[in-house]
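Working notes, structure below.
On a predicted model such as this, the values are computed, not experimentally measured, just so you know. The chain is numbered in sequence order, starting from 1. Just so you know, ligand 1 is whichever comes first in the structure, and atom 1 is the first atom listed for that ligand.
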Amino acid sequence: MAPDSVPLRYRGRFAPSPTGPLHLGSLIAAVGSFADARHQGGAWLLRIEDVDQQRCLPGADLAILKTLEAFGLWWDEAVSYQSQRSGQYEAALERLRQDQLTYPCACTRREIAANGRQGPEGPIYAGNCRAGLPPGRAARSLRLRVDCGDLSVVDIIHGPNTQNLAAEVGDVVMRRADGFFAYQLAVVVDDAEQGITRVVRGADLLGSTPRQIYLQRCLGLPQPEYAHLPLLLGDDGRKLSKSLAAAPVDPADPLPSLLRVWQLLGQAPLADASANVAEFWQQAIPRWDLARVPVGPLTINSDESR
Ligand code: GLU
């Protein structure tokens with residue numbers, strides 16, 4: 001077989017932001033990405049997405065690692081921290097700059113809200129600084145020129161998803177006004193550098209996928225496959241991580257949460273009761289079937305979220 005036709009070994013990842021302890025919603029992403037990777041004999045990497053230092057809670061990264069261990073979610077290779085990867089993000093920005101794909105933007109949040117059309121994720125930047133900074137204004141952020149209409153991606157769970165990037169998203173921020181690299185840049189650079197072949201994550205990022213693919217193309221990076229797991233909503237209908245039901249999962253008693261997540265992900269019940277997490281995973285990994293995962297969203301009531 002020619003070297004370029006050798007199938008890549010599966011490499012998956014879990015990429016939590018250390019903004020607090022893991023809750024049932026984040027456990028769904030951890031379990032789904034882990035089970036899918038292990039079922040295919042692949043690697044599962046862990047990346048702490050602490051690029052936005054303002055949102056990080058000190059010690060949350062270690063608490064997440066401990067919780068993953070308690071749940072039998074063992075990872076391969078060294079844990080990657082976005083906060084230690086500024087050089088790589090800067091290099092990617094430099095490449096975009098050289099290709100004239102970025103421009104400095106002076107607009108404030110208030111100006112963007114006043115000038116932009118309302119999109120599904122907030123106001124769409126109207127492109128005021130595209131042709132150059134207005135006289136007397138200083139650069140605040142750095143934006144990617146999004147010269148792209150419809151971009152389609154086939155999600156393994158959700159099927160085809162088409163977004164008109166110029167009309168629905170607009171020029172994406174790459175470096176924020178506060179100086180931090182944007183998540184959209186960091187995630188694309190990291191997924192490529194870690195050789196991720198399939199991204200399995202929460203459906204809250206389904207709408208970010210086309211812009212991430214566009215950025216991969218701008219940077220000449222490979223495109224992984226995508227599978228977006230159903231979001232878990234609290235009984236108030238809000239995303240679990242934002243609702244009162246976002247109670248941390250209990251690392252001292254992992255089995256009930258593992259079984260609950262297994263069931264929420266539509267997986268066939270395990271044949272035998274598991275005495276511990278090792279027994280759970282021994283049965284679960286061979287049985288994992290991504291085709292059974294519901295599109296969702298899933299709803300649970302608050303007292304069930306532990
Ligand atoms: N860090 C993001 C989160 O915790 C996940 C990003 C991703 O999986 O691409 O929601």
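- Residue contacts with ligand 1 for Ser17 involve both N, CA, C or O and side-chain atoms from C-beta outward (heavy atoms, distance under 4.0 Å).
- In this structure, Arg175 is positioned above the aromatic face of Phe181, its NZ or CZ under 6.0 Å from the six-membered ring centre and within 45° of the axis.
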Checklist entry - Under the ring-ring contact (aromatic ring centres under 6.0 Å, His included) criterion, do Phe14 and Trp75 qualify, and how do the steps go? => result CA-CA 9 Å; Phe14 177 53; Trp75 55 91; 9.9 Å; no

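- Sparse packing is recorded around CD of Gln100, with 12 or fewer heavy atoms of other residues, nucleotides or ligands lying under 6.0 Å away.
- Contact annotation: for Leu205 versus ligand 1, heavy atoms closer than 4.0 Å belong to the side chain alone.
- The ligand atoms of ligand 1 that sit less than 4.0 angstrom from a heavy atom of Arg201 are 7 (C), 8 (O), 9 (O).
- For ligand 1, one of its N or O atoms has an N or O atom of Ala15 under 3.5 Å away.
- Counting the atoms of ligand 1 from 1 in the order shown, those under 4.0 Å from a heavy atom of Val187 are 9 (O).
- No side-chain heavy atom of Ile124 sits less than 4.5 Å from a side-chain heavy atom of Val169.
- Close contacts between ligand 1 and Arg13 involve ligand atoms 7 (C), 8 (O), 9 (O) [criterion: under 4.0 Å to a heavy atom].
- Taking 4.0 Å as the cut-off, Phe14 does not count as a neighbour of ligand 1 on heavy-atom distance.
- Annotation: Glu49 places an N or O atom under 3.5 Å from an N or O atom of ligand 1; distance criterion only.
- With salt bridges taken as basic N to acidic carboxylate O contacts below 4.0 Å, none links Arg145 and Asp147.
- Between Thr209 and Asp155, the closest side-chain pair of non-hydrogen atoms is not below 4.5 Å.
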